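Remarks on the structure that follows.
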Amino acid sequence: MGMTDHTGRGNTGRRGFLGLAAGAVAVTQMGLSGQAQAATSRTSTTSAAASGNAQRSAAVRPFRVRVPQKELNELRRRVKETRWPDRETVRDRSQGAQLAKLRPLVEYWGTGYNWRKAEAKINALPQFITEIDGLDIQFAHIRSPHSDAMPMLMTHGWPGSIVELLKVVAPLTNPTAHGGRAEDAFHLVLPTLPGYGFSGKPTSTGWNPARVAVAFNELMLRLGYTQYVSQGGDHGSIISQVLAAQKPKGLLGIHVNMPGTVPPDVLRHLRNFDPAPASLSEREKLAYNRLLHFYRDGFGYAAMMNQTPQTIGYALTDSPVAMAAYYYDKFAEWTDSGGEPEKVLTYDEMLDAISLYWLTGTATSSSRFYWEGTQAGGGPFNAVDIPSVPVAVTVFPGEIYPAPRSWGERAYGNLIHWNEVDKGGHFAAWEQPQLLAEELRTAFRSLR
């Protein structure tokens, strides 16, 4: 089959409150067995032509990124014609992305930045698209040179993408070339979330984390992996935890670097913006105060996407500078950089990530994933009850909140690994790829 050039524009196919409870229950009750029964019923009553269509929809098709040059020219034109605001009236980040930081990044975007280099990095990976539950899911599938490698589903978040994960591919799939052992190797499956990047854009409601978890489990089965582990940060953490709650047959365990551990009684205090309860330990108070800062001072972006993703989407889809400011603000807030992401990420790295959203026109569709989670209920840091599936956690100091082990032990009944490292932030695979790779090798060693 020939390769497909694809920009993602017009495709049909976070960190806010993302649904775990109601959506997970509904989808888990149906489960993969329910899907299989439905598929069997349809097959028995449809024609051979319909059967052939179903086979084609389940096909795994090769994929290649090639953005038309006219799209890149249009981006530069829009950047050049930016109407800049006056500078903020404070000397810190308390009013958002600072003009003196953002403007040089954007001006480089419109002059020296080269998207084709990012495109080449993405295209260096084996990439595919397959239809699941009526929607195209794009993914990279990198098999390790070590035949007995462990299959791992690895999911990005917002404002992330496959760009966020590129640095960990080689250390995980070929550990002997990166300080590891052959027996620690992984086969990697890196899917793009619905509404993000080159995956399809949902045209109806219902694509919440629970439904995505079912779809990604189907993806692993479709690729022939009857047993696998799941890893993620941000949305990927939520989806991995939902998977563990759903307990599909082949899931061996999960690793997350943004764990959902906050107990319900603590959440009640946070929602009221109360001071840290005196009953908390010092380590728990540290986590509480960071969460309090997030919900009181850093939640505006999520509130917009939770409630009105279409409204914010007009600005992010029409203005490249609006998009750059919106995403750069999160890079500054969530990297382990003291508010200066340039210390840990290059201009090119940040612009690779931003450009992928711009060139695929997915600012609005990706924002709707927050809205979907809100409709399903739950929250990104709420304690997730996972009584039996093995759970591994790495806590990075620059994460939105540094989860304490005491909360993790209450949420996860089979906690096989917990480590608090000394560097790195929310974008662990991007900021500290070698450290994350070492953590994953250690975390899953007992499950091989």
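Everything quoted here is computed from the prediction, not taken from an experiment.
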Test Phe198 against every option in Leu356, Ile162, Ile137 by the side chain to side chain contact (heavy atoms under 4.5 Å, CB included) rule and name the one that passes.
-> Leu356
Just by modelled atom types, is the [Y] backbone N or O under 3.5 Å from a matching donor or acceptor in the [X] side chain?
{"X": "Thr317", "Y": "Tyr314", "value": "no"}
{"X": "Lys201", "Y": "Gly361", "value": "yes"}
{"X": "Gln246", "Y": "Ala210", "value": "yes"}
{"X": "Gln241", "Y": "Gly260", "value": "yes"}
{"X": "Gln434", "Y": "His178", "value": "yes"}
{"X": "Asn419", "Y": "Thr394", "value": "no"}

In sequence, state the C-alpha distance, the side-chain angles, and the governing distance for Tyr288 and Trp407, and then conclude on ring pair (Phe, Tyr, Trp, His ring centres under 6.0 Å).
-> CA-CA 11 Å; Tyr288 184 96; Trp407 291 353; 7.8 Å; no
Does a side-chain N-to-carboxylate-O contact under 4.0 Å join [X] and [Y]?
{"X": "Arg61", "Y": "Asp136", "answer": "yes"}
{"X": "Arg78", "Y": "Asp318", "answer": "yes"}
{"X": "Glu119", "Y": "Arg64", "answer": "no"}
{"X": "Glu349", "Y": "Lys167", "answer": "yes"}
{"X": "Arg77", "Y": "Glu74", "answer": "yes"}
{"X": "Arg368", "Y": "Glu372", "answer": "no"}

Show your working on side-chain hydrogen bond (donor to acceptor under 3.5 Å, both in side chains) between Gln98 and Arg103 and close with a plain yes or no.
-> CA-CA 8 Å; Gln98 294 169 289; Arg103 187 162 187 167; over 6 Å; no
Check against side-chain contact (heavy atoms from CB on, under 4.5 Å), Arg66 and Arg116 | CA-CA 9 Å; Arg66 181 65 183 180; Arg116 296 300 182 200; 3.7 Å; yes
Using the test side chain to side chain contact (heavy atoms under 4.5 Å, CB included), find all partners of Arg181 that sit at least two apart in sequence or belong to another chain.
-> Glu183, Asp184, Arg445
Assess the pair His156 and Tyr196: is the distance between their ring centroids shorter than 6.0 Å?
-> yes
Any donor-acceptor pair under 3.5 Å linking the side-chain atoms of [Y] with those of [X]?
{"X": "Gln95", "Y": "Thr89", "result": "yes"}
{"X": "Thr335", "Y": "Trp430", "result": "no"}
{"X": "Ser406", "Y": "Glu284", "result": "yes"}
{"X": "Thr346", "Y": "Asp348", "result": "no"}
{"X": "Glu399", "Y": "His426", "result": "yes"}

So with a 6.0 Å cut-off around NZ of Lys285, is the heavy-atom count from everything else above 12?
-> yes
Applying side-chain hydrogen bond (donor to acceptor under 3.5 Å, both in side chains) between Thr130 and each of Gln138, Arg222, Glu218, report the one that passes.
-> Arg222
Take Trp158 and Ser367 through the side-chain hydrogen bond (donor to acceptor under 3.5 Å, both in side chains) test and state the conclusion after the steps.
-> CA-CA 9 Å; Trp158 182 95; Ser367 296; 4.9 Å; no
For [X] and [Y], take the angle between the two ring planes, folded into 0 to 90°, and tell me which bin it lands in: parallel under 30, tilted 30 to 60, perpendicular over 60.
{"X": "Tyr295", "Y": "Phe299", "answer": "tilted"}
{"X": "Phe139", "Y": "His141", "answer": "tilted"}
{"X": "Trp334", "Y": "Phe294", "answer": "tilted"}

Quick one: pull up CD1 in Ile386 and OG1 in Thr261 and give me the separation to the nearest 0.5 Å.
-> 11.0 Å
Run the ring pair (Phe, Tyr, Trp, His ring centres under 6.0 Å) check on Tyr357 and Tyr327 step by step: do they pass?
-> CA-CA 10 Å; Tyr357 280 83; Tyr327 293 177; 4.9 Å; yes
Got a list of side-chain donor-acceptor pairs under 3.5 Å for residues 142-153, not counting sequence neighbours?
residue: Arg143; atom: NH1; partner: Tyr225; partner atom: OH; Å: 2.9
residue: Arg143; atom: NH2; partner: His187; partner atom: NE2; Å: 3.4
residue: Ser144; atom: OG; partner: His146; partner atom: N; Å: 3.0
residue: Ser144; atom: OG; partner: Thr173; partner atom: O; Å: 2.6

Dump the intermediate steps for side-chain contact (heavy atoms from CB on, under 4.5 Å) on Leu435 and Lys423, then the final yes or no.
-> CA-CA 9 Å; Leu435 178 55; Lys423 57 185 176 181; 4.0 Å; yes
Quick one: do Asn217 and Tyr228 satisfy side-chain hydrogen bond (donor to acceptor under 3.5 Å, both in side chains)? Show the steps, please.
-> CA-CA 9 Å; Asn217 180 69; Tyr228 66 95; 2.6 Å; yes
Would you sort out whether Glu333 and His293 count as a side-chain hydrogen bond (donor to acceptor under 3.5 Å, both in side chains), showing the intermediate values?
-> CA-CA 11 Å; Glu333 180 74 11; His293 166 73; 3.1 Å; yes
